[in-house]
Amino acid sequence: MPTETEVLKRISANLDFDPFELRKKYYFERDRRVKKEGSEQYAEVAEELSKYEDEDPFVEEVIERAPFDIDTDVAIIGGGFSGMMTAARLSERGITDFRIIEAGSDFGGTWYWNRYPGAQCDVDSYCYLPLLEETNYMPKEKYSFAPEIFDHAKRIARHFDLYDRGVFQTRVTEVRWDEANQYWLVSTNRNDVIRARFVVQGTGPMSRPKLPGIPGIEEFEGCSFHTCRWDYDYTGGDHNGNMSGLADKRVAIIGTGATAVQCIPYLGESAGQLYVFQRTPSSVDLRGNKPTDEAWYKSQEPGWQRRRRENFSTLILGGMVEEDLVNDGWTDIVRRMGNALMARDPADGAIEMVEILLMAEVKDFEKMNEIRARVDSIVEESETAEKLKPWYRQFCKRPTFNDLYLPTFNRSNVELVDTVETQGVERITKKGIVANGKEYEVDCIIFATGFEATSSPNRRVDFDTIGRGEKSLYDHWGEGFRTLHGIASHGFPNWFTIGINQNALSPNFVEMFDDLALHVAYIISEVRKNGNSIVEVSEDAEEAWVKEVIATSNVMRNDFLADCTPGFYNEEGQKFNLQNLPYGPGINAFNQLLKAWRDEGALKGLDQR
């Protein structure tokens with residue numbers, strides 16, 4: 001049997017690049033960015049840094065009210081898409097006695113908070129926007145912008161009568177099981193006492209802003225904010241840019257990920273001077289947005305959104321379909337793989353998995369070479385262009401798609417400050433930012449540094465959940481997540497969560513959350529129908545699912561991510577805890593598993609009383 005090296009040499013014989021040299025380049029760029037602190041390199045948004053989360057710059061009117069002292073069947077924590085879909089799926093089953101507790105002043109979650117200029121979904125709108133068939137809504141474009149998505153969140157709330165059940169401008173401070181009375185006590189920062197038979201935690205996987213742990217971050221005397229709390233009072237303008245308040249300002253933005261790629265073009269247009277501080281460049285492909293074809297949309301048959309999502313997920317996982325319904329940059333490499341397999345010479349014999357993996361790597365190299373060539377074709381200054389080139393495989397980091405980002409670096413008022421040599425910004429002073437030994441005096445610092453996604457659970461969610469026997473959920477998960485299907489844990493009766501651990505994973509988070517919401521609503525409905533008041537994951541079922549997650553962990557994907565440049569996809573380059581990983585066979589297989597479990601009708605693994 002030929003070795004991996006021999007196979008790679010054969011399939012790359014006619015290429016105009018050396019895949020072995022590219023591998024070396026990728027490893028070199030990865031190694032110079034790995035930090036021993038891993039996820040701990042980021043500062044928690046607490047105490048003196050709490051302003052980056054607590055302040056709501058979008059509130060139109062502060063809600064004055066007396067503390068609630070109420071009973072409800074279901075308390076849903078979080079008014080973003082995961083919480084809203086849970087409420088919608090409960091409503092469809094006739095369960096309407098619920099309250100939705102939300103820190104913001106309206107529904108929307110991510111799309112309430114993320115109002116930075118240029119904000120846009122990066123997954124096909126017809127897959128991403130939830131409940132399109134239920135609300136009979138047609139997105140305006142293939143990739144919707146933030147104002148339309150926020151409006152759609154409000155449309156869902158009106159359609160399912162959620163506003164009367166919303167508890168806004170309110171943060172949960174603790175969730176505690178009352179064993180004597182068999183309900184949950186939900187406490188809030190407004191001294192509310194909410195007694196709930198069931199609790200569904202829908203706080204989302206990326207709800208808490210993340211800040212880099214840069215020395216001096218609290219000392220800066222100018223204006224500073226996180227992109228999810230955009231300060232339009234300072235910048236002027238709106239989602240479309242036109243930030244006249246920045247015309248005479250020196251602005252720094254830290255971060256060049258998906259958010260930064262969208263807002264930097266508008267900052268470049270508006271700021272007197274813009275400094276872009278980069279540690280790792282993003283992969284920036286064509287966006288190619290276009291208006292929705294109304295005739296096409298009206299021709300879709302019932303169930304079309306699920307079929308489209310499943311088609312997308314199949315392709316993302318490397319599967320083959322008769323037709324690529326989404327047909328965009330996300331699925332490009334899979335299309336290339338399909339063409340390569342069809343063109344393969346039968347004389348080469350039966351194809352082995354090692355050859356498939358190497359062919360995928362070569363197609364990835366080709367794709368990323370095109371991405372890097374695109375940088376050269378757009379960015380005029382060669383040194384800047386070189387710094388903007390991503391040296392890693394496409395799905396090592398969330399790929400971005402934007403037609404305005406790269407041209408921004410041709411502006412005379414925009415300067416890229418690459419910080420790879422010092423593994424990021426060195427420190428922040430009263431007057432600005434120190435990088436590469438130089439202080440950049442600025443009037444405003446914007447943190448485009450994302451959200452707590454790989455940190456410990458008690459950092460991602462800023463309240464504790466206390467179950468039976470006064471046990472903290474975070475203690476229960478101390479050595480790794482312990483759940484059944486990623487949604488419920490032993491020792492926490494009538495408690496559910498909509499998240500990303502131990503279930504399935506997709507670039508389209510809404511697809512993940514929708515099926516989890518369907519599943520949770522089914523369980524609550526069945527428990528009520530059975531005349532029971534308590535449902536809890538059995539210890540054996542929890543242990544079995546932990547073992548299933550570990551056993552099915554996608555070894556090939558884990559190896560792929562281990563070779564990647566650090567980021568939240570690979571826990572900042574640290575070793576994986578296998579029981580924290582998603583279900584290995586993928587989201588379509590996971591959703592089919594959940595459906596089969598529901599069809600069985602036995603609530604297997606759950607104890608009821």
Side-chain angles (χ1 to χ4, degrees), residues 25 29 116-120 122 143 145 227 230 235-290 329 367-392 394 397-421 424-425 432-433 435-436 438-449 565:
K25 174 67 171 174
E29 295 294 341
Y116 58 83
Q120 181 183 33
D122 61 0
Y143 306 96
F145 284 94
T227 48
W230 197 274
T235 66
D238 54 25
H239 177 267
N240 297 311
N242 306 309
M243 293 174 283
S244 58
L246 300 181
D248 60 348
K249 298 294 192 297
R250 299 162 299 177
V251 179
I253 184 166
I254 297 177
T256 51
T259 293
V261 166
Q262 292 182 343
C263 69
I264 281 173
Y266 298 88
L267 288 170
E269 284 182 349
S270 299
Q273 174 67 44
L274 176 64
Y275 297 108
V276 179
F277 290 85
Q278 168 188 278
R279 185 173 68 172
T280 305
S282 279
S283 164
V284 187
D285 204 352
L286 290 167
R287 172 70 293 167
N289 201 8
K290 59 183 180 181
K367 175 68 177 181
M368 294 305 289
N369 280 342
E370 292 174 10
I371 295 290
R372 291 185 283 269
R374 183 170 182 253
V375 177
D376 282 329
S377 71
I378 294 173
V379 180
E380 297 166 359
E381 206 279 310
S382 59
E383 185 176 346
T384 299
E386 201 60 37
K387 292 175 181 176
L388 287 167
K389 293 178 182 178
W391 296 98
Y392 47 80
Q394 187 183 31
K397 300 177 80 69
R398 193 171 183 100
T400 71
F401 308 90
N402 195 285
D403 301 331
L404 304 176
Y405 177 71
L406 294 174
T408 299
F409 293 93
N410 294 329
R411 291 180 173 275
S412 60
N413 66 320
V414 177
E415 180 178 341
L416 177 68
V417 183
D418 189 66
T419 66
V420 64
E421 296 297 339
V425 168
I433 294 174
N436 304 324
K438 176 183 176 180
E439 182 174 18
Y440 294 82
E441 292 191 5
V442 295
D443 303 294
C444 176
I445 299 176
I446 301 170
F447 293 98
T449 45
T565 191

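We count residues from 1, following the sequence as given.
- L416 contributes atom CG, which lies 9.5 Å from atom CD of E381 (distance to the nearest 0.5 angstrom).
- Closest approach of W230 to C263, counting heavy atoms only: CZ3-SG, 4.3 Å.
- The stretch residues 403-413 participates, sequence neighbours left out, in no side-chain hydrogen bond (donor to acceptor under 3.5 Å, both in side chains) pair at all.
- The shortest distance between side-chain heavy atoms of D285 and K367 falls below 4.5 Å.
- Scanning both residues, V261 and T256, for their nearest heavy atoms gives CG2-O, 3.9 Å.
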Report the C-alpha distance between T565 and W391 in whole Å, list the side-chain angles of each, state the deciding distance to 0.1 Å, and finish with yes or no for side chain to side chain contact (heavy atoms under 4.5 Å, CB included).
CA-CA 8 Å; T565 191; W391 296 98; over 6 Å; no
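- Aromatic ring pairs are classed by plane angle as parallel below 30°, tilted from 30° to 60° and perpendicular above 60°; the pair Y440 and F277 is perpendicular.
- For the pair Y275 and I433, the minimum side-chain heavy-atom distance is 4.5 Å or more.
- Judged by distance alone, with hydrogens and angles left aside, the side-chain atoms of S270 form no donor-acceptor pair with the main-chain N or O of S244 at under 3.5 Å.
- For D238, the side-chain hydrogen bond (donor to acceptor under 3.5 Å, both in side chains) test picks out no residue, with sequence neighbours left out.
- For the atom pair M243 CE and K249 NZ, the distance stands at 13.0 Å (nearest 0.5 Å).
- Take Y392 and apply the ring-ring contact (aromatic ring centres under 6.0 Å, His included) test, not counting sequence neighbours, and it matches no residue.
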Are Y116 and Q262 close enough, and set up right, to give a side chain to side chain contact (heavy atoms under 4.5 Å, CB included), and what steps lead you there?
CA-CA 9 Å; Y116 58 83; Q262 292 182 343; 2.7 Å; yes
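- Between the side chain of D443 and the main chain of R250, a donor-acceptor pair closer than 3.5 Å is present.
- L388 CG to R374 CZ: the interatomic distance, rounded to the nearest 0.5 Å, is 11.5 Å.
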Please evaluate residues L406 and V375 with respect to the criterion side chain to side chain contact (heavy atoms under 4.5 Å, CB included), reporting the C-alpha separation (whole Å), side-chain torsions for both, the decisive distance (0.1 Å), and the verdict.
CA-CA 7 Å; L406 294 174; V375 177; 4.1 Å; yes
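- With D418 as the fixed residue, the side chain to side chain donor-acceptor pair (under 3.5 Å) test singles out one of K387, Q278, R279: Q278.
- Among all heavy-atom pairs drawn from P407 and I378, the shortest one is N-CG2, 3.6 Å.
- The line from CD of Q394 to CD of E370 is 10.0 Å long, rounded to the nearest 0.5 Å.
- Side-chain atoms of L274 and I264, non-hydrogen and from C-beta on, do get closer than 4.5 Å to each other.
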Dump the intermediate steps for side chain to side chain contact (heavy atoms under 4.5 Å, CB included) on I446 and L267, then the final yes or no.
CA-CA 10 Å; I446 301 170; L267 288 170; 3.9 Å; yes
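- R287 has its side chain within reach of N289: a pair of non-hydrogen atoms, C-beta onward, lies under 4.5 Å apart.
- Under the 30°/60° scheme for interplanar angles, the aromatic rings of Y266 and H239 are found to be tilted.
- Shown here for P390 and I371, the closest heavy-atom pair between the two residues is CG-CG2, 3.9 Å.
- Residue S282 comes nearest to A258 through the heavy atom pair OG-N, 4.4 Å, listed as atom of the first residue, atom of the second, then distance.
- When all heavy atoms of T259 and A448 are compared, the closest pair comes out as CG2-CB, 4.5 Å.
- A centroid separation of 6.0 Å or more is found between the aromatic rings of Y143 and F401.
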